[in-house]
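Data block below; observations after.
Computed over heavy atoms, backbone and side chain alike; hydrogens, waters and symmetry mates excluded.
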Amino acid sequence: REVAAEDWGLVAPMLALAAGCVTVGLFPRLVVQPALVASGTIMDVAGLDPAAGAGELLRAAGWMSSAWLLLVGCWTVFWYLRFRAARAHAAKHAMTWGCGYASPTARMQYTAGSLLAPIMLAYGRIAAPDIERGAAEFRTRSRDRVLDGVVLPLWRRTKHLARSFRPLQQAPVTRYLQYIVVTVVLLLGVLFAAIVRRP
């Protein structure tokens with residue numbers, strides 16, 4: 001997203017902080033060395049040895065820099081090879097195969113239903129497609145007997161039944177309080193009946 005000129009006063013400090021974080025992460029020695037100098041001064045005043053552990057800390061910082069640089073280098077090489085491979089195997093656009101016709105027209109269109117019709121006819125009336133014949137056209141439409149005859153009608157009836165319960169959900173708050181009271185009364189009644197039945 002393009003940043004407006006008046007917003008750079010807010011964006012520039014954040015970019016500077018992000019760049020500082022990346023720099024410290026890649027080269028921690030830049031921060032560790034001055035910190036050791038400052039801590040060494042404090043340890044001298046306290047009478048402690050400032051060299052204790054400083055060498056190991058600097059070596060660890062150097063290893064961290066090497067590891068990050070290696071990781072960035074591997075990532076760069078990977079994306080470069082990926083870019084080269086994508087350019088070498090770019091998708092090529094060509095004309096769709098026209099079933100052997102030199103100049104196909106809209107009258108020669110084959111659909112999935114047309115190709116599937118001979119197979120569906122082998123199953124008889126169970127899977128036979130609907131056929132529409134005209135003076136200048138011939139159409140077939142495959143019909144799913146289970147979906148059109150069972151699933152969709154059942155779904156429409158279930159949806160109609162669910163809509164009849166919608167007023168129960170969209171009631172005012174007082175109606176919900178009534179539901180709670182009725183539920184509590186019913187539960188108390190069941191509990192009372194269970195207690196009475198005990199010998």
Please list every donor-acceptor pair under 3.5 Å in which a side-chain atom of residues 73-86 meets a protein atom from a residue at least two apart or in another chain.
unit_1: Thr76; atom_1: OG1; unit_2: Val72; atom_2: O; d: 2.8
unit_1: Tyr80; atom_1: OH; unit_2: Arg84; atom_2: NH1; d: 2.8

Response to the item:
Rounding to 0.5 Å, atoms NZ (Lys159) and CG (Leu152) come to a distance of 9.5 Å
Practice prompt. Please say which of Leu186, Ile180, Leu187 ends up in a side chain to side chain contact (heavy atoms under 4.5 Å, CB included) with Thr183.
Written response: Leu187
Practice prompt. Examine Leu71 and Leu69 and state if one hydrophobic cluster contains both, with Ile, Leu, Val, Met, Phe, Trp and Tyr joined whenever side-chain heavy atoms are less than 4.5 Å apart.
Written response: yes
Worksheet entry | Partner residues of Pro172 under the side-chain contact (heavy atoms from CB on, under 4.5 Å) criterion, sequence neighbours left out | Thr174, Arg175
Worksheet item: Hydrophobic clusters join Ile, Leu, Val, Met, Phe, Trp and Tyr when side-chain heavy atoms are under 4.5 Å apart, directly or via other members; which others share one with Val181?
Response: Val185
Practice prompt. Check the surroundings of atom CZ in Arg156: do more than 12 heavy atoms from other residues, nucleotides or ligands lie under 6.0 Å from it?
Written response: yes
Discussion item. Let me confirm one number: the CG-CD1 distance from Leu188 to Ile195, rounded to the nearest 0.5 Å.
Written reply: 9.5 Å
